[in-house]
Amino acid sequence: MNSDHLIIVEKPSDFRWSDPDMEVVTAEHFLADGPRIRSRPRKIINLCRSYSYLSVGYYCSLLAEARGDRVTPSVETILDLARRKPQASMLPTLNSLVGPLKEVPRSVRSLTLHVFFGEIEDPQLANLARKSFEMFQCPLLEIEVERAAKSEVWEVAAIQPLKPADISAEQDGVFTRGLAKFTRRTWNPAPRPRTYRMAVAILHDPKDPLPPSNLKTLSKIVDIGEELDISVELIEKKDFSRLTQFDALFIRETTAVSDHTFQFARKAEMANMPVIDDPTSILRCTNKAYLAELLKGHDVPTPQTFLLSKHSLNTAARLLPYPVVLKVPDGAFSLSVKKAEDATQLVEIAREMLKESDVILAQEFMYTPFDWRIGVLDGKPLFAARYHMCKDHWQIIKHAANGNFQEGRVESVPLSEVPLSILELASKSANLIGDGLYGIDIKSNEEQSFVIEVNDNPNIDIGMEDAHEGDEVYRKILLHLLYRFELRHNISTKNGTGKLTQSSHHAESKSVISVHSSLHGNPDAKNALKIGKKVDGEKLSVSP
């Protein structure tokens, strides 16, 4: 029996379905079990008959959270379902998903729909079912829809929890399908699935023309996860409701504070799941205005940068050195980056950009044939590459008006061949953001190096950024998530092939530092490459 998932019912007869490949226990048994140290947090599905305040169903969710388990529904969901105000404010979001329901006779003014883990019998209501479960994370939901007064438009009138007895025999297939999708478990009798040390969700968009990692690379990560005894599954935006069924999240989709990637990161963090990229990193990295102030405040060399608004635009146009690069703070992939050769161009470009953002950046233009891209994970260099500019263009990506784009050549560079000053500058910049995965863009000339950006979602693809460091890039990312997961849940493991314990993690940190020192021909420990990494609880400083 796979103990990661647990179903709670009030009476054994409440769960009439066979072979769920999960342990089913009564609420009485669960409450009496008490808190105890487990190898990993459990994923609990609370199917009690009632979730009313201080009921046995309420206490099952409350104590599950107190024991560090991930429970559906959560106490917050239970309270939201019980309160009229939160529910009333959320229901209108669902109205557009009901659809016309043309086949329903006009004499019918209301319908009652049953949704099980986001699944429903009628395919035309699939989007409504999925969204309702995403908003109200309750396993069994009853949705009441009504025709609006003097109209043929349907509206969601109310949502309330169901109990297992409300599932008719005709709906058994919908219920079991929903449960199987939610828990990622095979329903039909079969050999018990392998139990992994950790389950990682990789959020991606298969339709993204410029993904941080392509499908071939993501498949490689899945394979490496198998070698490390880590389950890796690709998920999409539509899988938001299933997120807490995993142990960690790796976002491989272009991030933005205003879209679903940030919501995924926040939900993972609230569930105490290790996440790359974490919400704080997304907030800090996706806004270039914040980055400019942060780097400047910590004496990190950057091109001269000026913040412009509609009030300061005309004055700045007269005083700025040209050419300058103009940027919308939260733009990505060079889409909101333009170059102004003179004051006239600056005003013209800036006025358009200021329609998107009240503040934009004007940055000193520095042309170099390539930018350094240093991948940094947990304060340590992970990979290095040179991003060459597109032919006859000043950027690494050239966007055409028709939506097409051209990318410059990516040249992977062994970390041992990267100038030490570049590695130190990249690590110092990354440490200002956090301990996650970052891509540091650096321009370098004969005199000095300058940080252009710190990216929270760096590109990593097979044969590109990983050409020299190889599979070790992906192995380190997965082991980083595993270490964070085990540390947060006090999991003690034996060290073995492909296993990472707390002690071996620290040993790895020390070895990486010493290796870099020797690679750069400097045996003196005082001059070793010490890149802001905590080793045995002590913070190492950056040595010039």
Side-chain angles (χ1 to χ4, degrees), residues 1 3 5-35 42-67 69-84 86-87 90-91 110-121 129 132-145 156-183 185 187 241-242 244-245:
M1 183 65 64
S3 60
H5 286 81
L6 185 70
I7 295 175
I8 302 174
V9 292
E10 290 193 26
K11 300 291 182 183
S13 58
D14 288 348
F15 198 91
R16 66 176 184 270
W17 302 272
S18 62
D19 194 51
D21 190 34
M22 282 164 277
E23 186 178 2
V24 181
V25 301
T26 64
E28 182 180 359
H29 175 86
F30 177 77
L31 295 176
D33 191 32
R42 295 173 298 180
K43 287 89 169 179
I44 293 176
I45 299 170
N46 181 354
L47 295 183
C48 285
R49 299 174 180 178
S50 171
Y51 302 123
S52 60
Y53 186 60
L54 301 184
S55 67
V56 67
Y58 175 85
Y59 274 112
C60 282
S61 286
L62 184 72
L63 296 186
E65 291 183 3
R67 296 169 187 174
D69 294 322
R70 300 199 186 107
V71 60
T72 305
S74 66
V75 173
E76 182 180 7
T77 294
I78 289 173
L79 296 176
D80 281 346
L81 284 167
R83 293 193 294 256
R84 293 184 180 271
Q87 196 178 121
M90 298 166 75
L91 293 185
S110 65
L111 292 172
T112 299
L113 311 174
H114 285 183
V115 175
F116 311 133
F117 300 94
E119 294 290 311
I120 196 167
E121 287 179 284
S132 64
F133 182 51
E134 182 179 305
M135 295 174 64
F136 300 93
Q137 287 265 293
C138 184
L140 313 179
L141 285 172
E142 180 178 272
I143 303 177
E144 295 180 21
V145 295
V156 177
I159 289 185
Q160 62 184 8
L162 291 170
K163 52 184 179 292
D166 294 324
I167 304 172
S168 67
E170 293 77 15
Q171 295 173 321
D172 279 354
V174 181
F175 171 77
T176 55
R177 183 174 74 244
L179 180 59
K181 281 187 177 181
F182 182 64
T183 60
R185 289 293 181 268
W187 192 265
S241 61
R242 298 175 52 228
T244 55
Q245 296 302 293

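Taking the side chain as every heavy atom from C-beta outward, L47 and I45 approach each other to under 4.5 Å. Taking 4.5 Å as the limit, every side-chain heavy atom of D166 sits out of range of all side-chain heavy atoms of E142. Annotation: side chain of F30 is in contact with side chain of R67 (closest heavy-atom distance under 4.5 Å). At least one side-chain heavy atom of V9 sits less than 4.5 Å from a side-chain heavy atom of V24. Using a 4.5 Å heavy-atom threshold, the side chains of I143 and V156 count as touching.
With sequence neighbours excluded, the residues forming a ring pair (Phe, Tyr, Trp, His ring centres under 6.0 Å) with F133 are F182, listed by chain and number. Contacts of R242 classified as salt bridge (Lys or Arg N to Asp or Glu O under 4.0 Å), with partners at least two apart in sequence or in another chain: E233, D239. By the side chain to side chain contact (heavy atoms under 4.5 Å, CB included) test, Q171 pairs with H114, F116, E121, I167, S168, sequence neighbours left out. Considering only residues two or more places apart in sequence or on other chains, E10 meets the salt bridge (Lys or Arg N to Asp or Glu O under 4.0 Å) condition with none of them.
A donor-acceptor pair under 3.5 Å is formed between the side chain of D69 and the backbone N or O of R42. The backbone N or O of S55 sits nowhere less than 3.5 Å from a side-chain atom of S52 that would complete a donor-acceptor pair.
Remark: K163 NZ to S50 OG distance equals 9.0 Å, nearest 0.5 Å. Put simply, CG on L162 and SG on C138 are 7.5 Å apart, with the number rounded to the nearest 0.5 Å. Summarising the geometry, atom CD1 belonging to I44 is positioned 10.0 Å from atom CD belonging to E23; distances are rounded to the nearest 0.5 Å.
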Q160/L81 under side-chain contact (heavy atoms from CB on, under 4.5 Å): CA gap, chis, key distance, verdict: CA-CA 7 Å; Q160 62 184 8; L81 284 167; over 6 Å; no
Test log, rule side-chain contact (heavy atoms from CB on, under 4.5 Å), inputs L113 and I120: CA-CA 8 Å; L113 311 174; I120 196 167; 4.0 Å; yes
Go through the steps for L179 and I7 under the test side-chain contact (heavy atoms from CB on, under 4.5 Å), then give the verdict. CA-CA 11 Å; L179 180 59; I7 295 175; 4.1 Å; yes
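Nearest approach of D172 to W17, heavy atoms of both residues: OD1-NE1, 2.9 Å. The minimum heavy-atom distance between F117 and L140, with the atom names listed, is CE1-CD2, 4.4 Å. Contact record, Q137 with S241: NE2-CB, 3.0 Å, taken as the closest heavy-atom pair. For G173 against T176, the heavy-atom pair with the smallest separation is O-OG1, 3.2 Å. The nearest pair of heavy atoms linking T26 to I8 is C-CG2, 4.2 Å.
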I'd like a table of donor-acceptor pairs (distance under 3.5 Å, sequence neighbours excluded) in which one partner is a side-chain atom from residues 57-65, with atom names and distances.
| unit_1 | atom_1 | unit_2 | atom_2 | d |
| --- | --- | --- | --- | --- |
| S61 | OG | N46 | ND2 | 3.0 |
| S61 | OG | P73 | O | 2.7 |
| E65 | OE2 | V75 | N | 2.9 |

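Residue Q245 is tested with H5, K181, R70 for a side chain to side chain donor-acceptor pair (under 3.5 Å); the sole match is H5.
Note on residues 44-54: pairs passing salt bridge (charged side-chain N to carboxylate O under 4.0 Å, His left out), not counting sequence neighbours, are D14-R49.
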